[in-house]
Number of protein chains: 2
Amino acid sequence: MKTLSIKDIAVKAGVSITTVSFIINGKAKEKSISEAVIKKVEKIIKESGYKPNQIARSLRTGNSNIIGLIIEDISNSFFSRIARLIEDKAYKKGYKIIYSSTENNVEKAKELINMFKSRKVDGYIISPTKGIEEDIQVLLSDNKPVILFDRNLSDIDTHYVGADHFKASYQSIESFIKNGKGKIALVTTDIDVEQIIERFEGYKKALIDHDIPYNDELVLKIHFNQDEAETIEQMKSLFSSKDIDAVLFATNYLAISGLKALKQLNKKIGDELSVIAYDDHEVFELHTPSISAVQQPLEEIAETVIQLILNQLSSKNKLENQKVIIPAKLIER
Amino acid sequence: MKTLSIKDIAVKAGVSITTVSFIINGKAKEKSISEAVIKKVEKIIKESGYKPNQIARSLRTGNSNIIGLIIEDISNSFFSRIARLIEDKAYKKGYKIIYSSTENNVEKAKELINMFKSRKVDGYIISPTKGIEEDIQVLLSDNKPVILFDRNLSDIDTHYVGADHFKASYQSIESFIKNGKGKIALVTTDIDVEQIIERFEGYKKALIDHDIPYNDELVLKIHFNQDEAETIEQMKSLFSSKDIDAVLFATNYLAISGLKALKQLNKKIGDELSVIAYDDHEVFELHTPSISAVQQPLEEIAETVIQLILNQLSSKNKLENQKVIIPAKLIER
DNA sequence: TGTTTGGCGTAAAACGTTTTACTAGATCAA
DNA sequence: TTGATCTAGTAAAACGTTTTACGCCAAACA
């Protein structure tokens with residue numbers, strides 16, 4: 001069965017293609033098409049189940065009603081939850097989301113941007129890696145809306161939505177200190193993105209503000225993308241060699257690996273060792289004992305992101321850049 | 001800056017559009033374009049950074065190099081992990097994945113199919129809900145490759161990839177029985193899809209085969225999409241009113257809610273109450289005590305799915321339908 | 001009467017490709 | 001020399017829309 005085109009509808013209705021197009025696009029009134037014709041054409045469309053070819057439409061109009069979402073890894077629960085929320089909200093406004101994971105790989109990120117570009121997506125929501133500044137700049141000068149989230153790129157002048165990582169990290173450490181901890185470790189990753197750096201800075205600052213000297217040896221930077229087994233080994237070595245009474249994990253997957261390491265070492269979490277994870281996860285609530293975590297307000301982030309991009313999409317001129325920093329919450333368990 | 005078109009390249013190179021197109025598509029040799037011209041054009045393309053407009057290309061050729069992936073919920077870790085694997089593999093073959101969640105809603109699923117159809121995706125990978133059989137049938141008679149996974153639709157005649165849910169469920173129950181359990185509950189959902197039904201059947205059959213009478217009261221069907229708090233209440237009522245020594249959860253999110261319920265009841269998992277979850281999750285490994293789980297071979301499922309769809313895409317005629325059932329593994333912890 | 005105006009609608013160009021069918025000249029075989 | 005074949009390329013149609021500019025008729029106006 002050949003799929004129907006607007007031409008088939010026009011022929012069947014005995015009117016021109018133009019007329020059908022006007023009706024489909026709700027311009028019938030404005031173009032003064034008679035009520036009778038409108039009814040007739042609409043009836044035929046309904047009966048035949050005709051759906052306009054979006055590809056042809058995109059080619060002609062230059063936009064696609066698609067928003068590209070570029071994230072680090074869809075299988076990470078932080079991103080998959082955000083993605084779901086964003087998809088949901090965009091969908092309600094008639095936009096589709098197409099998303100893809102960069103795996104924190106600059107080359108792949110660039111490719112993705114190109115791919116989206118050649119697919120003519122209308123806007124971009126990006127959780128960026130370092131190294132794609134130029135590509136993003138090209139999008140911007142091309143007048144495409146770009147919203148960064150989770151991580152900011154300071155040299156890029158566009159909208160950004162993210163949690164207050166510095167403060168959340170600071171508060172986490174402060175809470176350790178309030179509970180009498182003093183030998184506080186940080187397990188983080190070596191990827192060079194702003195949000196990770198901020199968490200690190202928050203850690204340092206909190207220590208210093210409370211007169212605890214910063215000690216390099218208590219900070220473990222895990223290589224991104226490295227095998228989990230190796231990660232666990234490194235953590236075990238940190239936890240057993242140093243005398244530590246608290247540890248902040250800078251990402252949830254690190255925290256999960258960390259819990260595994262502690263389990264293997266048979267170290268009990270509790271009075272002797274406190275733990276806080278960054279980015280909440282079901283694991284932490286259910287863990288015995290349950291684990292405190294910094295919870296990013298996913299719903300709010302998603303809402304803000306989508307709001308910003310829709311605003312930008314519907315406005316002809318470039319809106320003023322907004323940098324929205326949303327407080328994160330330390331859930332003490 | 002206007003984006004470049006093939007015409008710009010042609011003009012710059014002093015050749016025709018056709019020639020450029022042949023070169024881009026690797027048909028230069030076959031169409032006997034001279035080496036000199038090829039070099040020249042390629043140089044210009046490289047230097048200018050020209051990328052063909054995929055929309056125009058799709059319009060002309062009728063295919064998009066996009067595969068549509070329709071799942072229940074991207075924020076469910078089973079799906080997000082599968083999605084990531086599928087995306088990865090497809091990407092390597094030059095295909096993009098565009099995915100969307102149905103939330104188990106027939107209307108949304110139908111809409112998604114339509115949307116994908118009007119976007120001219122080349123093939124479909126679907127974890128279906130009941131009620132979309134007709135729509136899938138339309139795709140098939142349209143000669144589009146469709147691969148079902150996770151859940152089969154028995155009246156649809158196409159490829160399918162999934163785990164052996166019946167057997168996995170059967171074995172789980174058998175393992176309870178071997179460990180001396182006899183009052184075995186099942187917590188499942190009320191969605192009417194094959195894979196859930198099979199898990200239920202496996203449960204019943206195992207009981208009967210071991211001379212344990214099936215008892216309706218030990219089966220709790222949770223309404224899909226219902227509030228987690230309510231779910232937990234229902235479970236608590238089951239766990240405290242009945243005398244139960246083992247429970248199988250038919251999905252991982254039910255198991256997670258179940259663990260929360262047990263925690264609230266202060267019921268210890270272990271000798272008095274054994275638990276098995278369906279679909280593994282990090283929570284289960286880290287839980288104290290750790291929780292046994294049925295592990296679906298994600299990698300293998302993803303690999304098979306992608307293999308089937310790529311085969312079908314590259315073959316002109318309809319391949320014989322394959323129903324691939326992959327064994328699931330009970331991880332006893 | 002001749003000229004506007006408004007109502008109703010259409011023809012055709014354009015979006016950026018791919019692909020089919022063709023051409024002009026060179027070489028070759030008989 | 002003639003016709004066939006090969007080489008190197010091109011013109012133009014087609015994909016399915018949207019949109020601009022226009023056409024025609026009847027009514028209103030002066």
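The sequence lines fix the lettering, A, B, ..., with proteins before strands; numbering per chain opens at 1. Heavy atoms only: backbone and side chains are in, while hydrogens, waters and symmetry mates are out.
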Is there any protein nitrogen or oxygen under 3.5 Å from a nitrogen or oxygen in nucleotides 22-29 of chain C, and what are the pairs?
none

**Study point:** Angle between terminal axes - the helix from C:dT1-D:dA30 to C:dA30-D:dT1, 5 pairs each end, rounded to 10°
**Key:**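 Rounded value for the end-axis angle: 70°.
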Check your understanding: Got a sec, which residues hit salt bridge (charged side-chain N to carboxylate O under 4.0 Å, His left out) with B:Glu299, two or more places apart in sequence or on another chain?
Key -> B:Lys89
**Study point:** salt bridge (charged side-chain N to carboxylate O under 4.0 Å, His left out) partners of A:Asp8, counting only residues at least two apart
**Key:**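 A:Asp8 satisfies salt bridge (charged side-chain N to carboxylate O under 4.0 Å, His left out) with no other residue.
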Donor + acceptor pair across side chains of [X], [Y] (<3.5 Å):
{"X": "A:Gln54", "Y": "A:Ser64", "value": "no"}
{"X": "B:Thr19", "Y": "B:Ser16", "value": "yes"}
{"X": "B:Asn63", "Y": "B:Thr61", "value": "yes"}
{"X": "A:Glu103", "Y": "A:Asn225", "value": "no"}

**Study point:** Donor-acceptor contact below 3.5 Å, side chain B:Ser127 vs main chain B:Asp150
**Key:**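 Here the side-chain-to-backbone pair does not exist.
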Point to revise | Counterpart residues, ring pair (Phe, Tyr, Trp, His ring centres under 6.0 Å), relative to A:Tyr99 (two or more places apart) | key: B:Tyr99
Review point. Where along residues 114-123 of chain A does a heavy atom come under 4.0 Å from DNA chain C, residue by residue in number order?
Key: none
**Study point:** Heavy-atom protein contacts under 4.0 Å, nucleotides 4-9 of chain C, coded B base, S sugar-phosphate only, - none
**Key:** ----BB
Practice item. Looking at every strand, decide which applies to B:Lys27 at a 4.0 Å heavy-atom threshold: base, sugar-phosphate, or nothing. Key: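 Here B:Lys27 touches the backbone only, sparing every base.
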Identify each donor-acceptor pair in which a side-chain atom of residues 41-52 of chain A lies under 3.5 Å from a protein atom, sequence neighbours left out, and give them as a table.
{"residue": "A:Lys43", "atom": "NZ", "partner": "A:Glu47", "partner atom": "OE2", "Å": "3.4"}
{"residue": "A:Ser48", "atom": "OG", "partner": "A:Ile44", "partner atom": "O", "Å": "2.9"}
{"residue": "A:Ser48", "atom": "OG", "partner": "A:Ile45", "partner atom": "O", "Å": "3.2"}
{"residue": "A:Ser48", "atom": "OG", "partner": "A:Tyr50", "partner atom": "N", "Å": "3.3"}

**Study point:** Criterion side-chain hydrogen bond (donor to acceptor under 3.5 Å, both in side chains) on A:Ser101 and A:Asp73, from CA distance to verdict
**Key:** CA-CA 5 Å; A:Ser101 312; A:Asp73 175 6; 4.5 Å; no
Practice item. Give me the residues of residues 38-64 of chain B where at least one heavy atom lies under 4.0 Å from an atom of DNA chain D, by number, or none. Key: B:Leu59, B:Arg60
Practice item. Flag the pair B:Ile147 / B:Ile306 as yes when at least one side-chain heavy-atom distance between them is below 4.5 Å, and no otherwise. Key: no
Check your understanding: Hey, does B:Lys117 have a side-chain heavy atom less than 4.5 Å from the side chain of B:Leu139?
Key -> yes
Review point. Would you call the rings of B:Tyr124 and B:Phe116 parallel, tilted or perpendicular if under 30° counts as parallel and over 60° as perpendicular?
Key: tilted
Review point. Could you give the start and end, 5' to 3', of the contact zone on DNA chain D for chain B, using atoms under 4.0 Å from its heavy atoms?
Key: D:dA8 to D:dG16
Check your understanding: How would you list, by chain and number, every residue that makes a side-chain contact (heavy atoms from CB on, under 4.5 Å) with A:Ser314, sequence neighbours excluded?
Key -> none
Return a table of donor-acceptor pairs under 3.5 angstrom between the side chains of residues 21-33 of chain A and protein atoms on other chains or two or more places apart.
{"residue": "A:Ser21", "atom": "OG", "partner": "A:Asn25", "partner atom": "ND2", "Å": "3.4"}
{"residue": "A:Asn25", "atom": "ND2", "partner": "A:Ser21", "partner atom": "O", "Å": "2.8"}
{"residue": "A:Lys29", "atom": "NZ", "partner": "A:Glu35", "partner atom": "OE1", "Å": "3.4"}

